[in-house]
Structures are given as C-alpha cells and as structure tokens.
There are 2 protein chains.
Amino acid sequence: MTTYGQFCPVAKAMEVLDERWTLLVVRELLAGSTRFNELRRGVPKMSPALLAKRLRSLERAGVVRRYEADDHPGYRLTQAGEELRPLVESLGAWGTRWVGGLGEADLDPHLLMWDMRRTVPVNAWPRERTVVAFRFDGVSAPVAHWWLVVRDGEVDICDYDPGYEATVTVSAALRTLVRVWRGDLSWQMALRGEAVSLDGPAEARRDLPVWLGQSPLAVVPRP
Amino acid sequence: MTTYGQFCPVAKAMEVLDERWTLLVVRELLAGSTRFNELRRGVPKMSPALLAKRLRSLERAGVVRRYEADDHPGYRLTQAGEELRPLVESLGAWGTRWVGGLGEADLDPHLLMWDMRRTVPVNAWPRERTVVAFRFDGVSAPVAHWWLVVRDGEVDICDYDPGYEATVTVSAALRTLVRVWRGDLSWQMALRGEAVSLDGPAEARRDLPVWLGQSPLAVVPRP
DNA sequence: CTGTATCCATGGCGATACTG
DNA sequence: CAGTATCGCCATGGATACAG
C-alpha cells in the first residue's frame, strides 16, 4: 500500500482502495460471492496470485474477514466493507452515465452470463424448467453458445448444450446484448430493429425481456 | 490507462479513476481550485509532471476542461467531473469512519493550513483584521509556525510572521490539531485536557473554536 | 478447490532540473 | 506562473506452473 502523506480522509480511503482491481473485488463481495473461485469468476482477467494478495490487503485494512466453514474457507465483508456499498453504487452510476464506449476486449460473454445468472428475476419465470439459448454473432466458437437454465428458482449457466430443448433462442451480436443488458439500448428498441432476434413460441418471445431483465444499473438516467 | 476487460460500469469507471492521485486531483477541483499551482498545493507530494499527466488524462476522459482566461490557463470540471462529487464525498465519509490511523508522514502542517484557509467560516470572524498564530510542537523549525490572517472576508496563510500582532496563539502537537480538525477529537475535549492551549484575550479564546471550526467531514458519525 | 511460487517485463512514478 | 525534460529504480502485476 503506497501512501499519500495526507491526513485527508479521502486520501486515507484511497490508500486502501485505489490499487488496481481492489474495488472490483469489493464489488464481487457486495454481490454476494464468498468463495475464492467464485470471486475469480467475477474478475477472470485477474491472476489468482493477485486476487489472493488483494484479499489479504483488504483483510489487513479491516474490509474483509476470512473464515472457515464446513472445511472450506470463505470471505465476507466486515461492516467497514459493507459500508462501501454506496461508494460502489456511485461508481457504477457514474460509469453508466459517463463511460459509455466499450472496446472489443470489454465484451466478455462469460461475464455477461455470470452477471445474468445472479440478477435474473427468477420469480418472473415459469414454474417449469425453462431454457434460454444464446447465440452470439462474431464471437469465436467456444464462447459463442450459452444456455441459461432456470428451474425451481435456481439459475444455472452452461457453455455446453445441457440437453434440454431451448424454450427461446436469443441471437444477437455480443455487443448488442451487452448494450441491452447495461441499459444503453432497450429491449424494445433492440427487438424492433432486429438487432436481437428471438426464436420460439410467441408467448415465450413476448415474455423473454421480462425474464432476462437488465443489469441493476440499467435504470440509471443518461445525461 | 490500463483496462479491465469488463463491460461492467464499475470497471469502466475505475479505468478512469483508479490511478494513483487521480481522485485527489478531482477532490481539489471540487474544492474550487483551478490554477495549476493552486492544484499543486493540494497535492504537494505529487510531482508537477505527474499532475500535468493526470490533468491530460482527465481531459481525455471528459472529466476536466482546460481553458485560457486573462492569458493564464485554468482547469475546471465538466458536468461529468462535477458528478463525481457524491463519490468523493462517500470516499471521505468512509475514510473518516474506517481509516483512522494517521502516520507521522500524514501530518503535513502546510496541508492543514491550506485546508483551513479554504473552509474557515469567515462570517463568524470579527470584522476587523484578526490574526491567529499557530505553534506546532515537535515539528521542524521552518514549518512549526504559521499565521492565519482574516480581514474583510479574505483569508490568508503565512509561514512567516506577517507583522501584525496575533489575536490568539494556538499551541498544540501537530497531531492533536489535525485530529481536532478531522473531528476525531472535539475542540471542547482538546481544550479541557490542555492538549491544545490558547493564549490571548478571554473573549477571543472563547470564540476561537467557532472561528476555526472543523473540516467539513468532521460531522461524519463514527462507528 | 484454494491458493503459492516463480519469473520477468513493463511502465508508473518519484526526484530533480530546467525552460518559455 | 505553468508546465517539460530526463533519468532510473523498483514495484506492480501478468503469465504460468504447481502444490496441499
């Protein structure tokens, strides 16, 4: 941890938080991840060594506590860590409003599916098992096809065919679906312009935008 | 600017903001500084080359706009920059609550005086010229003595005797006065315990805590 | 599954000096 | 006053392999 040589609380806070990846790890913890590899999936481009290092720093700073339960370790936020929620939310709102341009490298389909997995409104889905297949155009084969399976309030994602027939198939450029997810583009506009196309029974096609919804930050008003 | 390879708005925001010093420069701009050397005084440990570099990055990111006026350049926040205010405030509140421990290197008297200069409640001061002298114990000679001069709603600080007689002299360990300023310790407690001693007419001694006040973040409730 | 160990290149950043 | 120019270190962190 490098220091600023200032007593200002903003500077003291940044000494803890300004290192690369730190607030993204906090974001994952705020989203409910606790296990090491669960955290990794939220920050896949971060090396495990660095994640371990950051977790130790955050522990020393009193933001995170490591615990052992059922013979497997886990991490949770302390009260100090939990109180970073408004800060991370501000950051997300600001990023939504003012940092729109996405590079090709930002378009990670795994992260999109992982994000859907944890925020999809399961209560809005049919009670019986429902499978949504995704086909991303212009993405290399191994990550172009994904499946979202919802059953009994449980959500799973696969990058292989789970064997059940898809209720709806969603086809779109990855960039387009990311934009819809972020709220840069509405479901309505995307479907009307055929930037996203759906395949399946009419009723399911009608309901799909409600099933998937959008990222929690999508509601942030744009400048 | 290093990237995270994530479309998440939190990550996109951090790409702009997570580099060392960046949010401290924004803090200075939010506090009203506009000129290059004025900004420098708020981040004295930052090299001018690095400050220039950060200002350019922030300009590219659309957070800051450089302008020319009266033949001298200046910097001001754009709307995107202004909207960082709640974020910086959250950061300050969090730092106040959870990052209390100050190292010796954090105790910079120049920053303390500079911070007072811009937030002192001038309307609470007498109308005639008023001088408060500071004597910091255990600080090397050239920065142990300071003067705060208030007249006609104008505040000035000097590190040399301005020639006018001091209305009140404040003597304290630098750490103590910093703690009072941050709100870690009340004026009342500090004066009662004689951690801070005042010299001057009774009325002025009584009013001094109101004249100086505390940092805006001092009101943040502690855990 | 939960991390460690090691290596290496990059470049960030601190320090200092200097210029229009 | 408002920055540039230059230098060089060392730490950051990316990559990969591996271990309990």
Side-chain angles (χ1 to χ4, degrees), chain A residues 1-6 11 14-26 28-29 33-61 64-76 103 105-106 108 111 114, chain B residues 1-6 11 14-25 28-29 33-61 64-76 103 105-106 108 111 114 156:
Chain A
M1 186 194 74
T2 50
T3 61
Y4 284 114
Q6 300 197 178
M14 285 310 278
E15 288 182 0
V16 174
L17 303 173
D18 75 350
E19 275 180 316
R20 191 166 157 71
W21 293 110
T22 299
L23 277 176
L24 300 192
V25 173
V26 172
E28 289 306 303
L29 290 160
S33 294
T34 59
R35 309 277 293 269
F36 190 82
N37 282 347
E38 197 180 5
L39 291 166
R40 285 194 69 182
R41 257 165 288 166
V43 283
K45 303 261 182 23
M46 188 182 194
S47 81
L50 192 53
L51 173 57
K53 185 178 173 180
R54 285 290 181 276
L55 286 168
R56 259 180 277 116
S57 297
L58 287 169
E59 219 183 335
R60 261 186 293 121
V64 162
R65 178 149 48 206
R66 184 182 192 279
Y67 63 88
E68 297 260 356
D70 303 336
D71 202 36
H72 65 75
Y75 301 88
R76 50 183 279 242
D106 295 330
D108 181 333
L111 274 172
W114 181 247
Chain B
M1 186 193 73
T2 49
T3 61
Y4 284 114
Q6 300 198 180
M14 286 310 277
E15 289 181 359
V16 175
L17 303 173
D18 75 350
E19 276 180 315
R20 190 165 157 71
W21 293 109
T22 298
L23 277 176
L24 300 193
V25 174
E28 289 306 303
L29 289 160
S33 292
T34 58
R35 310 277 293 269
F36 190 83
N37 282 346
E38 197 180 6
L39 290 166
R40 284 194 69 183
R41 256 164 289 165
V43 283
K45 303 260 182 22
M46 188 181 193
S47 81
L50 193 52
L51 174 57
K53 184 177 173 181
R54 285 290 182 276
L55 286 169
R56 259 180 275 119
S57 298
L58 288 170
E59 218 183 336
R60 262 187 293 122
V64 161
R65 179 151 45 207
R66 184 181 192 280
Y67 63 88
E68 297 260 355
D70 302 337
D71 201 39
H72 64 74
Y75 301 88
R76 51 183 278 243
D106 296 329
D108 181 333
L111 274 172
W114 181 247
D156 275 310

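Throughout, a chain's letter reflects where its sequence line sits, starting with A, and its residues are numbered from 1.
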- Item | Test side-chain hydrogen bond (donor to acceptor under 3.5 Å, both in side chains) applied to B:Arg54 and B:Thr22, step by step | CA-CA 6 Å; B:Arg54 285 290 182 276; B:Thr22 298; 3.2 Å; yes
- Query: Under 4.0 Å between a side-chain N or O of A:Arg56 and OP1 or OP2 of C:dT2?
  - Reply: no
- Measure from NZ or CZ of A:Arg66 to the centre of the six-membered ring of A:Phe36, then state whether that distance is under 6.0 Å and the direction lies within 45° of the axis. no
Where do N or O atoms of nucleotides 14-20 of chain D meet protein N or O atoms at under 3.5 Å, pair by pair?
{"from": "D:dG14", "atom 1": "OP1", "to": "A:Arg20", "atom 2": "NE", "distance (Å)": "2.8"}
{"from": "D:dG14", "atom 1": "OP1", "to": "A:Arg20", "atom 2": "NH2", "distance (Å)": "3.1"}
{"from": "D:dG14", "atom 1": "OP2", "to": "A:Trp21", "atom 2": "NE1", "distance (Å)": "3.2"}

- Query: So how far off straight is the helix from C:dC1-D:dG20 to C:dG20-D:dC1, going by the axes through five pairs at either end, to 10°?
  - Reply: 60°
- Task: Could you check how far CG of B:Asp18 sits from C1' of D:dG13, rounded to whole Å?
- Result: 13 Å
- Give a yes or no on whether the backbone of B:Glu15 and the side-chain of B:Tyr4 come within a donor-acceptor separation of less than 3.5 Å. no
- About how many Å separate CD of B:Glu28 and CH2 of B:Trp114, when rounded to the nearest 0.5 Å? 8.0 Å
- Under 4.0 angstrom between B:Lys53 side-chain N/O and C:dG12 OP1 or OP2: yes
- Test item: B:Arg40 side-chain N/O and B:Met46 main-chain N/O as donor-acceptor pair under 3.5 Å: no
- Task: Might you confirm whether atom CZ of A:Arg41 has over 12 heavy atoms from other residues, nucleotides or ligands at distances under 6.0 Å?
- Result: yes
- Would you kindly give the CD-to-P distance between A:Glu19 and D:dA11, to the nearest whole Å? 13 Å
- Task: Would you mind reading off the distance between B:Glu38 atom CD and D:dG3 atom P, rounded to a whole angstrom?
- Result: 13 Å
- How long is the line joining CG of B:Asn37 and P of D:dG3, in whole Å? 8 Å
- Hey, what do you get for CG (A:Asp18) to CG (B:Leu17), rounding to the nearest 0.5 Å? 11.0 Å
- Mind checking whether A:Leu55 and A:Leu39 have side chains closer than 4.5 Å, heavy atoms only? yes
- Task: Please state whether the phosphate of C:dC13, meaning OP1 or OP2, lies under 4.0 angstrom from any side-chain nitrogen or oxygen of B:Arg54.
- Result: yes
- Message: In this structure, how many angstroms lie between the C1' atom of D:dG13 and the CD atom of B:Glu15, rounded?
- Response: 16 Å
- Whole-Å gap separating C1' (C:dT2) and CZ (A:Arg35): 9 Å
- Tell me: CG of B:Asp70 to P of D:dC1, nearest whole Å? 16 Å
- Query: How far does OH of B:Tyr75 sit from CZ of B:Arg35, to the nearest 0.5 angstrom?
  - Reply: 11.0 Å
- Message: Let's see if you can work this out: which of D:dG3, C:dT2, C:dT4 has an atom nearest to the side-chain heavy atoms of A:Arg66?
- Response: C:dT2
- Message: Could you measure the distance from the CZ atom of B:Arg20 to the OG1 atom of A:Thr2? Nearest 0.5 Å is fine.
- Response: 4.0 Å
- Phosphate OP1/OP2 of D:dC1 contacted by B:Arg41 side-chain N/O (<4.0 Å): no
- In whole angstrom, what separates B:Leu24's CG from C:dC13's P? 12 Å
- Query: Under 4.0 Å between a side-chain N/O of A:Tyr75 and OP1 or OP2 of C:dG3, yes or no?
  - Reply: yes
- Message: Just to be sure I understand the rule, does A:Arg40 reach a base, reach only the sugar-phosphate, or reach nothing, if contact means heavy atoms closer than 4.0 Å?
- Response: nothing
